[in-house]
Peer 1: 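One structure coming up, written as structure tokens, with questions to follow.
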Amino acid sequence: MSKVYLSYNNIISSLGFDSKSVVEKIHNEVSGLTLVNDVKLFSRPFYSSLIHTGKLKEAFYVLNPIKEYTRLEQMMITSLSDCITTSGITITDRIGLIISTTKGNIDVLDEENSFPEERSYLSELGKSVGEFFKFKNDAIIVSNACVSGILAVAVAKRYIIQGTYDHVFIASGDVVTEFILSGFNSFQAISDAPCKPYCKNRTGINIGEVAASVLVTSDSKLLNEESVEVIGEGSCNDANHISGPSRTGEGLYRSIASALKQAKIPSDSIDYISAHGTATNYNDEMEAIAFNRHDLGSTPVNSLKGFFGHTLGASGLLETIVGMHSLKNNTLYVSLGFEEMGVSQPINVIEETTVKELNTFLKTASGFGGCNTAILFQTIQKTNI
Amino acid sequence: MTQKNHIKSYVHIKNNTVSLNGTVVYNDNEPDFKSFIKGAYKAVDTKYPKFFKMDSLSKLAFLAGDIVLNSEQLSTEEEHNIALVFSNKASSLDTDRKHQKSIQHKENYYPSPAVFVYTLPNICIGEISIKHKLYSENSFFIFDGFNAAHLEVYATSLLADEKADKVLCGWVEYDGDDNYEAFLYLVSPEGKIAHNTEEIIKLYTN
């Protein structure tokens, strides 16, 4: 069976408009979260990682758009444009497009939004992005709550292995909206401070926004220096509750087991875990339990939510891209916001950015509906030996 | 990779009618979806009080899934590795509009977690997984219309990679009382209908 790799990538975020500058900020422990005071979005000031509208417009208009695009479309197109350009790939009918998003253009449902309500259909988002780059195939849209961004990687791999496409571009994105903030607030999950994943002093989540893109390919000639091989994946359900994670971490445990089995590696060969870490008690505790069931209690783990907040359907891909750079730089990045252990099972939260040889990392995510995804990635040189 | 897969059984829910493997099992003339789906729920004898807390998309998908899975007479003693791969066009927009209505006007502001949780299309997959104890692969896709080719590829991939023993696939769309439709089919090593795009489309348009 042919190998599948992640290659050229981009992140559009409050920390910068390309992956390298974003990772540099993470290296320097600069958070993208700031206090936002905008009553149109939320009734009280809140922490978020909003993308600078002026800078976004500037970057987007360089691409010469000939019609109106929503904020999310501008983010995703700007991100994907960088990814496609740097890859040097010409779009043909052998190239697929996967869009991963939790809520897409949900802001157009607001009566005050000037775009037509039809734009809220995710297939319209797919068309908008796909037509901009003249993709020959319709976009496949993955909308599976907060695992969408990482699940999209598994989906891309599966379509390549099945021979449907030679290469797949994934574009992930979600925007900060009143819709999302009011909903999470109804669950009393929104923190009034920057979030503190796995920390005893945590007070809930922050919602943030990013767009992220990556090239998925089986062509070893299309790799760049941070490329990784996708060596195993799994996406299992908790079968427990629609809005609360399983107390035994069942779905996450099984997702990791499925990925390990496919990769044919033991759990102790994982050098680093890029976890979901939303900074809610339920999520963080569930992850600690699932990791310990795989004897991963001493494996270095971080959550990047302290840098971006929870960026919903984009978070899994964003964090995968940072993980790719983590491997390339042989560096474990700090889990920002963590002070004191706040989960009942031991986990090895990365407390300071550390240089360490890294070959294999595990990315996980979990979401409403009981969904979980785990994917194992490995550096290329090591797998070719 | 050489293993041949089949479509073992399939269900349709549309136009006030529920049919299993092409045979009508329930039909009524109720003017609205809520009354119709309640009647169908009673008729197929699904005893599951949580059903009444679900939004319309979940009710539709849950009932369709329940009918197929019950017809398989799966043993409750052992686990079943049946993946769920669903798709639609309108995502969870019907409930999204409800949540938006609850936050549109500051003087009439009433967002609720019971509504908000259903503003995700994959919640219906969670509902079926909980009832049937399916700790299996699951994914929700959005397409402009029913996309047999993509569903076929994805189900084939899950079976070839041994991620699942069977795959419950299909289309579950709820976009208002006049626009609802469920079509689910079970892909399995057993069965009489070949698992290919042509057959899937034939069953879908049946």
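So you know, we letter chains A, B, ... as the sequences are listed, proteins then strands, and number each from 1. Hydrogens, waters and symmetry mates play no part in the numbers below; they use all other heavy atoms, side chains included.
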Peer 1: Is the NZ atom of Lys261(A) crowded by more than 12 outside heavy atoms at less than 6.0 Å?
Peer 2: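 No, the 6.0 Å shell around NZ holds no more than 12 heavy atoms from other groups.
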
Peer 1: Begin from the C-alpha positions of Tyr135(B) and Asn372(A) and carry the test side chain to side chain donor-acceptor pair (under 3.5 Å) through to its verdict.
Peer 2: CA-CA 10 Å; Tyr135(B) 302 96; Asn372(A) 302 271; over 6 Å; no

Peer 1: What part of Val147(A) gets closer than 4.5 Å to chain B, counting heavy atoms only: side chain, backbone, both or neither?
Peer 2: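 Neither; nothing under 4.5 Å.
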
Peer 1: Taking C-beta and beyond as the side chain, do Glu117(A) and Gln100(B) meet within less than 4.5 Å on heavy atoms?
Peer 2: no

Peer 1: Under a 3.5 Å distance rule, please check whether Tyr159(A) uses its side chain to pair with a backbone N or O of His150(B) as donor and acceptor.
Peer 2: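 Judged by distance alone, yes, a pair lies under 3.5 Å.
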
Peer 1: For chain A, which of Leu120(B), Asp96(B), Leu158(B) has the most heavy-atom pairs under 4.5 Å?
Peer 2: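 Counting heavy-atom pairs under 4.5 Å, the top option is Asp96(B).
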
Peer 1: Under a 4.5 Å heavy-atom cutoff, which of Val117(B), Asn147(B), Leu134(B), Ile128(B) has the most pairs with chain A?
Peer 2: Val117(B)

Peer 1: Of the non-hydrogen atoms in Gly126(B) and Asn237(A), which two are nearest, and what is the gap between them?
Peer 2: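 Smallest heavy-atom distance, with atoms named: CA-ND2, 4.1 Å.
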
Peer 1: Looking at Ala160(B) and Gln162(A), what are the two nearest heavy atoms and their distance?
Peer 2: CB-NE2, 4.2 Å

Peer 1: Would you mind telling me which of Pro113(B), Ala114(B), Ser58(B) has the largest number of heavy-atom pairs within less than 4.5 Å of chain A?
Peer 2: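 The answer is Pro113(B).
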
Peer 1: I would like to know whether Arg158(A) and Glu137(B) meet salt bridge (Lys or Arg N to Asp or Glu O under 4.0 Å); could you show each step before the answer?
Peer 2: CA-CA 13 Å; Arg158(A) 289 164 182 175; Glu137(B) 279 278 337; 3.1 Å; yes

Peer 1: Tell me, side chain or backbone of Lys106(B) under 4.5 Å from chain A's heavy atoms, or both, or neither?
Peer 2: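 Answer is side chain: those atoms of Lys106(B) sit under 4.5 Å from chain A.
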
Peer 1: So which part of Ser91(B) gets closer than 4.5 Å to some heavy atom of chain A, the side chain, the backbone, both or neither?
Peer 2: side chain

Peer 1: Backbone N or O of Phe140(B) within a donor-acceptor pair of the Asn144(A) side chain at under 3.5 Å?
Peer 2: yes

Peer 1: Using heavy-atom distances under 4.5 Å, tell me whether Ser92(B) contacts chain A through its side chain, its backbone, both, or neither.
Peer 2: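 Contact with chain A: side chain only.
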
Peer 1: Using side-chain contact (heavy atoms from CB on, under 4.5 Å), reason through Ser139(B) and Leu151(A) one step at a time and then give a plain yes or no.
Peer 2: CA-CA 8 Å; Ser139(B) 184; Leu151(A) 178 60; 3.5 Å; yes

Peer 1: Taking atom CZ of Arg247(A) as the centre, report whether more than 12 heavy atoms of other residues, nucleotides or ligands fall under 6.0 Å from it.
Peer 2: no

Peer 1: For residues Ile142(B) and Ser143(A), report the shortest heavy-atom separation together with the two atoms involved.
Peer 2: CG1-CB, 4.0 Å

Peer 1: For Asp138(A), does the CG atom sit with more than 12 other heavy atoms under 6.0 Å from it, leaving out its own atoms?
Peer 2: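 No.
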
Peer 1: For the CD atom on Gln188(A), are there more than 12 heavy atoms of other groups (residues, nucleotides or ligands in this structure) within a distance under 6.0 Å?
Peer 2: no

Peer 1: Select, from Phe179(A), Phe184(A), Phe187(A), the one with the greatest count of heavy-atom pairs under 4.5 Å involving chain B.
Peer 2: Phe179(A)

Peer 1: Begin with the C-alpha distance, continue with both residues' side-chain angles, and end with the deciding distance and a verdict on side-chain contact (heavy atoms from CB on, under 4.5 Å) for Leu122(A) and Leu93(B).
Peer 2: CA-CA 10 Å; Leu122(A) 295 180; Leu93(B) 269 171; over 6 Å; no

Peer 1: Hey, does the side chain of Glu111(A) reach the backbone of Gln104(B) with a donor-acceptor pair shorter than 3.5 angstrom?
Peer 2: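 No, because the side chain of Glu111(A) does not come within donor-acceptor range (under 3.5 Å) of the backbone of Gln104(B).
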
Peer 1: Rounded to the nearest 0.5 Å, what separation is found between the CG atom of Leu84(B) and the SG atom of Cys371(A)?
Peer 2: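 If I round to the nearest 0.5 Å, the distance is 12.0 Å.
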
Peer 1: Within a reach of under 6.0 Å around NZ of Lys14(B), are more than 12 heavy atoms found that belong to other residues, nucleotides or ligands?
Peer 2: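 Correct, the count exceeds 12.
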
Peer 1: Does some side-chain heavy atom of Lys127(A) sit less than 4.5 Å from a side-chain heavy atom of Asp144(B)?
Peer 2: yes

Peer 1: Where does Phe86(B) contact chain A at under 4.5 Å (heavy atoms): side chain, backbone, both or neither?
Peer 2: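 Neither the backbone nor the side chain of Phe86(B) comes within 4.5 Å of chain A.
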
Peer 1: Between Ser186(A) and Ser112(B), what is the shortest heavy-atom contact and its length?
Peer 2: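 That would be OG-C, 3.7 Å.
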
Peer 1: Just so I know, are the side chains of Ile141(A) and Phe141(B) near enough to count as touching, which here means a heavy-atom distance under 4.5 Å?
Peer 2: no

Peer 1: Considering only NZ, NE, NH1 and NH2 on the basic side and carboxylate oxygens on the acidic side, decide whether Glu118(A) and Lys89(B) come within less than 4.0 Å.
Peer 2: no

Peer 1: Which pair of heavy atoms, one from Phe116(B) and one from Ile180(A), lies closest together, and at what distance?
Peer 2: CZ-O, 4.0 Å

Peer 1: Looking only at non-hydrogen atoms, find the nearest pair between Ser123(A) and Phe143(B) and report the distance.
Peer 2: CB-C, 4.3 Å

Peer 1: Are more than 12 heavy atoms from other residues, nucleotides or ligands located less than 6.0 Å from atom CG of Asp178(B)?
Peer 2: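 Incorrect, the count does not exceed 12.
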
Peer 1: Taking NZ, NE, NH1 and NH2 as the nitrogens, is one of them in Arg254(A) or Glu79(B) under 4.0 Å from a carboxylate oxygen of the other?
Peer 2: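 Looking at Arg254(A) and Glu79(B), the cut-off is met.
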
Peer 1: Do Asn122(B) and Phe368(A) make a side-chain contact, defined as non-hydrogen atoms from C-beta onward lying under 4.5 Å apart?
Peer 2: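 Side-chain contact under 4.5 Å: no.
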
Peer 1: Looking at Gly251(A), Ser120(A), Ala154(A), Ser148(A), which one has more heavy-atom pairs under 4.5 Å with chain B than the rest?
Peer 2: Ser120(A)

Peer 1: Can you tell which of Ile98(A), Val155(A), Thr102(A) has the highest number of heavy-atom pairs within less than 4.5 Å of chain B?
Peer 2: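 Of Ile98(A), Val155(A), Thr102(A), Val155(A) has the most heavy-atom pairs under 4.5 Å with chain B.
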
Peer 1: Does any part of the side chain of Ile130(B), heavy atoms only, come nearer than 4.5 Å to the side chain of Asn240(A), both counted from C-beta?
Peer 2: no

Peer 1: Go through Gly370(A), Ser182(A), Ser100(A) and name the one with the most non-hydrogen pairs under 4.5 angstrom from chain B.
Peer 2: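 So the answer, after comparing Gly370(A), Ser182(A), Ser100(A), is Ser182(A).
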
Peer 1: Any idea which of Ile103(B), Ile125(B), Asp175(B) has the most non-hydrogen atom pairs under 4.5 angstrom with chain A?
Peer 2: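 Most heavy-atom pairs under 4.5 Å with chain A: Ile103(B).
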
Peer 1: Check whether any side-chain N or O of Asn138(B) sits under 3.5 Å from a backbone N or O of Gly369(A) as a donor-acceptor pair, and report yes or no.
Peer 2: no

Peer 1: So which residue, Lys131(B), Arg97(B), His99(B), Lys50(B), ends up with the most heavy-atom pairs under 4.5 Å with chain A?
Peer 2: His99(B)

Peer 1: Count the heavy atoms of every other residue, nucleotide or ligand shown that sit under 6.0 Å from CD of Glu77(B), and state whether that count exceeds 12.
Peer 2: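 It does not: Glu77(B) CD has 12 such atoms or fewer within range.
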
Peer 1: Relative to chain B, which segment of Glu178(A) carries a heavy atom at a distance below 4.5 Å: side chain, backbone, both, or neither?
Peer 2: both

Peer 1: Are there over 12 heavy-atom neighbours, none belonging to Lys101(B), within less than 6.0 Å of that residue's NZ?
Peer 2: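 Result for NZ/Lys101(B): open.
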
Peer 1: Using only atom types and a distance under 3.5 Å, with no angle test, would you say the side chain of Lys163(B) pairs donor to acceptor with the backbone of Ser235(A)?
Peer 2: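 Absent.
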
